[in-house]
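Each chain gets a letter, A, B and so on, in the order the sequences are listed, and its residues count up from 1.
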Amino acid sequence: MTARKRSSMSTPYNPESVEKAAQDYWQESRCFEVLEDQDKEKFYCLTMFPYPSGKLHMGHVRVFTISDVIARYHRMQGRHVLQPMGWDAFGMPAENAAIKRGVPPAEWTYNNIDDMRDQLRRLGYAYDWTREVTTCRPEYYRWEQWLFTKMFEKGLVYRRNSVVNWDPVDQTVLANEQVIDGRGWRSDALVERREIPQWFMKITAYADELLDGLDDLPGWPDSVKTMQRNWIGRSEGVELSFAVEDEDEPLVVFTTRPDTLLGVTYMAVAAEHPLAAKAAADNAAIAAFIDECRQSHAAEASLETMEKKGMALGIDAVHPISGEKVPLWVANFVLMSYGTGAVMAVPGHDERDWEFAKKHGLEIRQVIAPADGSEIDIDEGAFTDYGVLVNSGDYDGMDSQSAFNAIADYFEETGLGRRAVNYRLRDWGVSRQRYWGAPIPIIYCDDCDAVPVPEKDLPVVLPEDVEFTGHGSPLKDLTEFYETTCPRCGNAARRETDTFDTFVESSWYFARYACPDNDRKMLDDREAYWMPVDQYTGGIEHAILHLLYSRFFQRVMRDEGLSAASEPFTNLLTQGMVLKDGAKMSKNKGNTVDPQELIARFGADTVRLFMMFAAPPEQALEWSDEGVQGGSRFLKRFWGAVQNHVAAGTAVDLDVAALDTGQKDLRRKTHETISKISDDIGRRNMFNTAVAASMELLNAVNRFEDGSDQGRAVEREALEAVVLMLSPIVPHICHALWQMLGARQDLCCRRRR
RNA sequence: GCCCGGGUGGCGGAAUUGGUAGACGCAGCGGACUUAAAAUCCGCUGUCCGCAAGGACGUGCCGGUUCGAGUCCGGCCCCGGGCACCA
């Protein structure tokens, strides 16, 4: 009797009951709850925690499954694995829901967390739920308020004016996302740039360390490191000053190309620059232009893509070497917040300057010639390469590098400038004019200025039962919140009503999982055991901001004596987007697929299997409803194969010396597959090919119709291998099949043989 | 606009270090089982020419390096992500 003929006698695969049984077992045995154990090799496996938007989406399922596969794999390798979960719970959607449905943001958020926690449980992830962290709880955010006050003492935070998007109709600050084609998303009013005082964290103080640290992260993708390097944008150049006619203050600019200095034919300042304001005072056209510049979206992408516009100010600067007059312009592409708010323009050797000069009939002067002696026509386009200086007086004939040094020396000797390092990176503005966030722990006193809230008065608790109208933050109208006394002098004072950027919460949560229950310290000894995170998995969309802020915070915590680690994440896996119809799946676009329905229909294992099989984790995954079926079919075949094998009775021990050719072939296939899958999961993060290899081995088993004692022993070895190898990906069915195969040991907690 | 990715059959993808392009799966077609359908199982399936044997073409486009290119180099096109207040 062949194995296949027996299939009619078997019980069918029922994912719902199989998965319930496995999940009950894991919960009762508490096998994913881990305590610090110095004798065991720790492995901290972390996923970027979700924003509790209401329901899990496919992007969540993908990233959590990737991380769970890695966690379970390392667990099987005998490591002591921590995989926690929590909630990035502050943010705008809660306020939007409050406006739309009248539910307080806190209530909406806590309900969503409860729903999503249930959904996560149904997917069978190996989480230590005892360490759950929720960022909107005072016991969490009190510690970032505390750290902020420590940073204040060290001068790592400061307050200055900076630009926000202002909706003049709704009288409120808008996020970039809320500005659509330059207009407010609700009011449709033209958005204005407005300057208001805001708090900043000095991430630039760590710019060099954040840059150099990238060289010590071999476990990070090169693309992410390159993006961060470019974002920090360290450049070496010269800061030099141009005298301005009839002005006492010179105009200071930074350039990486002092070798092109004699090619400067005009200069440009930002619309907010004092010189522009001065020129506007008695020129209505310039005033109108500055007004026009103000009416724009604050996002860099819109500034870079909009039409480059400018106006001559009628003021001249004096070239510091030639003494020639250089006209001053105001231009919409120069930003007050970046550098000094002024740039020198070399249209002959810079593309943007060239285009601007062409458009406004400004002089284009060649001062660099190609090093190879070839001819160029500067009228046809800017020449941006390094080369040999021409039309530059004493510097003629020097190469760019020598000229850089000679000109830099000249400025340092005359005191008109100096060599300087410039960063593209700007300090981190953390103030948000919103309600649903962690209050910034500052008290304003007429006599003492801004005073940090003393440690004994922390946390500054965000009131949760508030009237939410949508017209500005309710905190601004809540006297019992903002009325207070100055901690320094005791006089009546006013509390800060702005809250933190939600990136603040996500910049240190990974460390707090080590000791979420400590109500006396931000971090304790347990942090030293678990940190740094061994494997961090999350969306590629966080390649810069979240990951850079976290690297910054880790260093701030280190310098505060809270941690020994400089880098928070040793290995990083950036998972690609889940796309549908070529675009990121998102509620906004209405192209979501609900994982809940698929789980109800096929079970969690099928959904997990399909997500891992459909594409390698780093690539974008284009969703297709077909293919899930295939995963389900495979699991049924898998179930049937093991069941048929077991139904035929106990297999004898394998006698390697006694195998015939066919038996040897299957055995070789088994061991080749083990070797391949270990590499695929353990080194390459190629879960899709690991699944494919498992399918191939199972196909080979199903073709193998050898009922002899040794045939059955070889078949058993193959089936056991498939169960073990697939268990990180489809843990529930493997839990059941492992028991069916007569396991003496629990699968998920077993060590490598 | 700038920075970072990606583009391979009808579809998702494989090819790990420059060495047989298309593993595995989906869809499709043919067959078995069934009164029938579903499910399941077996077989075929890059395109074109051919009854076949076989041949030609083929990894977004153009060019290059190499005995040999999906893979390396140069130039382009298209798609996705990020651009500092979406998370």
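Mapping D679(A) and G627(A) onto RNA chain B by nearest heavy atom places D679(A) closer to the 5' end of the strand. The 5' end of RNA chain B is approached more closely, in terms of each residue's nearest nucleotide, by N699(A) than by the other of G429(A) and N699(A).
Regarding the sugar-base torsion, rG9(B) falls in the syn class, its angle being within 90° of 0.
Proximity note for T226(A) (side chain, C-beta onward) versus rC83(B), rC4(B), rC85(B): the nearest is rC4(B). If you check rG5(B), rC86(B), rG81(B) against the side chain of M577(A), the one that comes closest is rG81(B). Which of rC4(B), rC86(B), rC24(B) sits closest to the side chain of N230(A) comes down to rC4(B). Nearest nucleotide to the D88(A) side chain, out of rC85(B), rA84(B), rA87(B): rA87(B). Distances were taken from every side-chain heavy atom of Q198(A) (C-beta onward) to each of rC85(B), rG82(B), rC24(B); the shortest belongs to rC85(B).
If you check distances only, the side chain of E541(A) never reaches the base of rC86(B) with a donor-acceptor pair under 3.5 Å. For a distance-only test at 3.5 Å, the side chain of E304(A) fails to qualify as a donor-acceptor partner of the base of rC83(B). At a cut-off of 3.5 angstrom, the base of rU40(B) holds no donor-acceptor pair with the side chain of R637(A).
Comparing the same atom, P, in rG25(B) and in rG46(B) gives a spacing of 15 Å after rounding to whole Å. Straight-line distance between the P atoms of rG75(B) and rC2(B): roughly 14 Å, to the nearest whole Å. If you take atom P in rC72(B) and the same atom in rG18(B), they sit 8 Å apart, rounded to whole Å. Here, rG64(B) and rA56(B) have their C1' atoms 25 Å apart, quoted to the whole Å. Separating the C1' atom of rC29(B) from that of rC79(B) is a span of 33 Å, rounded to the nearest Å. Across the P atoms, rA39(B) and rU45(B) are found 23 Å apart, a figure rounded to whole Å. Comparing the same atom, C1', in rG28(B) and in rC11(B) gives a spacing of 11 Å after rounding to whole Å. Comparing the P positions of rG30(B) and rG82(B) gives a spacing of 46 Å, expressed to the nearest Å.
Between the NZ atom of K55(A) and the P atom of rA87(B) there is a distance of 22 Å, rounded to whole Å. Whole-Å rounding puts the W231(A) CH2 to rG82(B) C1' distance at 7 Å. Distance, K225(A) NZ to rC3(B) P: 20 Å, rounded to whole Å. Rounded to whole Å, atom P of rA87(B) lies 11 Å from atom CG of L545(A). In this structure, the CZ atom of R432(A) is 4 Å from the P atom of rC85(B), given to the nearest Å. In this structure, M201(A) places its CE atom 15 Å from C1' of rC85(B), rounding to the nearest Å. Atom CG of L635(A) and atom P of rC24(B) are 18 Å apart (whole Å). We find that CZ of R229(A) is positioned 17 Å from C1' of rG82(B), with the value rounded to whole Å.
For R555(A), the salt bridge (Lys or Arg N to Asp or Glu O under 4.0 Å) criterion is met by E209(A), E567(A), not counting sequence neighbours. Residues meeting the side-chain contact (heavy atoms from CB on, under 4.5 Å) test with H542(A), sequence neighbours left out: M48(A), H546(A).
Closest approach of V163(A) to Q198(A), counting heavy atoms only: O-NE2, 4.0 Å. Contact detail for S506(A) and S550(A): the closest heavy-atom pair is O-OG, 3.5 Å.
Pair assignment for rC26(B): rG10(B), on the basis of Watson-Crick or G-U wobble contacts that are both within less than 3.5 Å. Nucleotide rA84(B) forms no Watson-Crick or G-U wobble pair with any nucleotide shown, as no partner meets the under 3.5 Å limit on both distances. Under the Watson-Crick or G-U wobble criterion, with both distances below 3.5 Å, rG74(B) is paired with rC62(B). For rU47(B), the paired nucleotide is rA56(B), the pair qualifying as Watson-Crick or G-U wobble because both relevant distances are below 3.5 Å.
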Write out a two-atom table: protein N or O, nucleotide N or O from nucleotides 11-15 of chain B, distance below 3.5 Å.
unit_1	atom_1	unit_2	atom_2	d
rG12(B)	O2'	A614(A)	O	2.6
rG13(B)	O3'	N688(A)	ND2	3.3
rA14(B)	OP1	N688(A)	ND2	2.9
rA15(B)	OP1	R684(A)	NH1	3.1
rA15(B)	OP1	R684(A)	NH2	3.1

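When ring centroids are compared, F610(A) and F602(A) stay outside the 6.0 Å threshold.
The residue A693(A) sits apart from the nucleic acid: no heavy atom pair falls under 4.0 Å. Looking at heavy-atom distances under 4.0 Å, Q575(A) makes no contact with the nucleic acid at all. Q629(A) comes within 4.0 angstrom of nothing in the nucleic acid, heavy atoms only. Using a 4.0 Å heavy-atom distance criterion, F634(A) is classed as making no nucleic acid contact. Base engagement by V164(A) is indicated by at least one non-hydrogen atom pair under 4.0 Å involving a base atom. Among the heavy atoms of the strands, none lies under 4.0 Å from S694(A). If you check every strand for non-hydrogen atoms under 4.0 Å, H546(A) touches nothing.
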Task: Stepwise salt bridge (charged side-chain N to carboxylate O under 4.0 Å, His left out) check, K669(A) with D665(A) - done: CA-CA 6 Å; K669(A) 178 88 181 166; D665(A) 284 347; over 6 Å; no

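In this structure, R432(A) fails the cation-pi test against F500(A), since its NZ or CZ atom is not both closer than 6.0 Å to the six-membered ring centre and inside 45 degrees of the ring normal. In this structure, R193(A) forms no cation-pi arrangement with W166(A), as its terminal cationic atom is not both closer than 6.0 Å to the ring centre and no more than 45° off the ring axis.
Using cut-offs of 30° and 60° for the angle between ring planes, the W436(A) and F90(A) rings count as perpendicular.
Within the structure, every side-chain polar atom (N or O) of N176(A) is placed at least 4.0 Å from both OP1 and OP2 of rC83(B). Within the 4.0 Å cut-off from OP1 or OP2 of rA38(B), not a single side-chain nitrogen or oxygen of R633(A) is found.
Atom OH of Y140(A) is separated from atom OG1 of T135(A) by 6.5 Å, given to the nearest 0.5 angstrom. The CZ atom of R186(A) sits 9.0 Å away from atom CG of L174(A), with the distance rounded to the nearest 0.5 Å.
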